[in-house]
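For reference, the structure is listed below as structure tokens.
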Number of protein chains: 2
Amino acid sequence: MKIGHLAKSVGIDIQTVRYYESQGLLTEPNRMENGYRDFPVDSIKRLQFIKKAKLVGFTLKEIKELLAIQVTKDKHTCQEVKNFTQIKLDEINQKIKKLTEIESALKKIHSLCCGGSEKASHCSILQALES
Amino acid sequence: MKIGHLAKSVGIDIQTVRYYESQGLLTEPNRMENGYRDFPVDSIKRLQFIKKAKLVGFTLKEIKELLAIQVTKDKHTCQEVKNFTQIKLDEINQKIKKLTEIESALKKIHSLCCGGSEKASHCSILQALES
DNA sequence: ATTGACCCTATAGTATACTTTAGGGTTTAT
DNA sequence: ATAAACCCTAAAGTATACTATAGGGTCAAT
């Protein structure tokens, strides 16, 4: 799969794909005779995951670590993987909690703010977070 | 409240507080006679919100917009606020969804990967996302 | 065979969000 | 009164994550 096709099917820029490769987020693709990159199909999933993880505030460095999770004799032991995934699970729960707080504040604003008879007393996000 | 106290109680750097002020995320604080900034107490909540929103992937620009939500005659109408909060609520739900996907993949890895009799077939995050 | 749509590398430039430095004044405790 | 801890501005520097540019080769269709 050529880089243009890959980039398009994930909805990112070709340059960005090359950048991710340079940063070690994509394993080095095979090359065709002419030197063009030939990506395996699962690069799509890899890039989709990167996109997803970026959206929720993970850095490329963190995403690289997430993608690197695997139990292999010479790399990571079970216990290492368990420890690492537990840390990441905690982080994710933190994020979900924060998002839920912001969500409920926005919901308050959305539903109460402009009800007509309601006073505009929940119309800032900080006020809505408090109540 | 002096900047050092404020920064410390939120757990961020003094310089960062000044930077946020310069970017319009904090309203300009009053000055004491000596020129020192005198922050209102609610700056703490403002900064805590900024911290929270940054953690889940919002940019300073977006955070500024969230902090600016209010219904006022000369600024934003009810409908504008409703529209804006709805867009943000959708974004937040997207983020929560992505996080939940990553979470369940990590949970799979965490619980299945090293069970002993289990094959290491869910030991990469991409594999875990699929199943 | 030539045009347009691809691909390549290498390097420079940009946006965002800080972080550090320089150079200086203020306050608090001893 | 002096040192340590605090505050100020302005400007430069850094890290991250792209994004664009230059200069060139490849491929598919006309």
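On a predicted model such as this, the values are computed, not experimentally measured, just so you know. Both backbone and side-chain heavy atoms feed into the values below; hydrogens, waters and symmetry mates do not. Every chain is numbered from 1 and lettered A, B, ... according to where its sequence line falls, protein lines coming before strand lines.
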Query raised in the report: Between K88(B) and L66(B), is there a donor-acceptor pair closer than 3.5 Å when you use the side chain of the first and the backbone of the second?
Result: no
**Report entry** Side-chain N,O (Y20(A)) to OP1/OP2 (dA17(D)) below 4.0 Å
**Finding:** no
Query raised in the report: Phosphate oxygens OP1/OP2 of dC18(D): is one of them under 4.0 Å from a side-chain N or O of K54(A)?
Result: yes
Requested in this report: When you get a sec, tell me which of dC8(C), dA17(C), dC8(D) is the closest nucleotide to the side chain of I3(A)?
Outcome: dC8(C)
Report task. Say whether D90(B) and Q86(B), considering side chains only, have a donor N or O and an acceptor N or O under 3.5 Å apart. Result -> yes
Query raised in the report: Would you call E21(B) and R18(B) a salt bridge, taking side-chain N to carboxylate O under 4.0 Å as the test?
Result: no
Query raised in the report: Does a nitrogen or oxygen in the side chain of T16(B) sit under 4.0 Å from OP1 or OP2 of dA17(C)?
Result: no
Query - Selected nucleotide, minimal atom distance to I14(B) side chain, candidates dC8(D), dT9(C), dC7(D) - result: dC7(D)
Query raised in the report: Can you tell me how far C1' of dC7(D) sits from NZ of K8(B), to the nearest Å?
Result: 15 Å
Report summary line: Taking for E33(B) and for I50(B) the nucleotide of DNA chain C with the nearest heavy atom, the one nearer the 5' end belongs to I50(B)
**Report entry** Check: K45(A) side chain, L126(B) main-chain N or O, donor-acceptor pair, under 3.5 Å
**Finding:** no
**Report entry** E65(A) CD to dT16(D) P, straight-line distance once rounded to whole Å
**Finding:** 12 Å
Query raised in the report: Are the charged groups of E103(B) and K107(B) less than 4.0 angstrom apart, N to O?
Result: yes
Tabulated below should be each protein N or O lying under 3.5 Å from an N or O of nucleotides 22-25 of chain D; please produce it.
| from | atom 1 | to | atom 2 | distance (Å) |
| --- | --- | --- | --- | --- |
| dG25(D) | N2 | Y36(A) | OH | 2.8 |

Query raised in the report: Looking only at atom types and distance, does a side-chain atom of K51(B) sit under 3.5 Å from a main-chain N or O of V10(B), one as donor and one as acceptor?
Result: yes
Requested in this report: Rounded off to whole Å, could you give me the CG-to-P distance for the D38(A) and dC7(C) pair?
Outcome: 12 Å
Query raised in the report: Any side-chain N or O of R37(B) under 4.0 Å from OP1/OP2 of dC7(D)?
Result: no
Report task. Without swapping roles, check the side chain of K108(B) against the backbone of L129(B) for a donor-acceptor pair under 3.5 Å. Result -> no
Query - Euclidean distance, atom NZ of residue K64(B) to atom P of dA17(C) [Å, nearest integer] - result: 11 Å
Query raised in the report: Any side-chain N or O of R31(B) under 4.0 Å from OP1/OP2 of dT9(D)?
Result: yes
Query raised in the report: Does N34(A) put a side-chain nitrogen or oxygen below 4.0 Å from OP1 or OP2 of dC27(D)?
Result: yes
Query raised in the report: Under 4.0 Å: is that the gap between some side-chain N or O of R18(B) and OP1 or OP2 of dA11(D)?
Result: no
Query raised in the report: What's the NE2-C1' distance between H5(A) and dC27(D), to the nearest Å?
Result: 17 Å
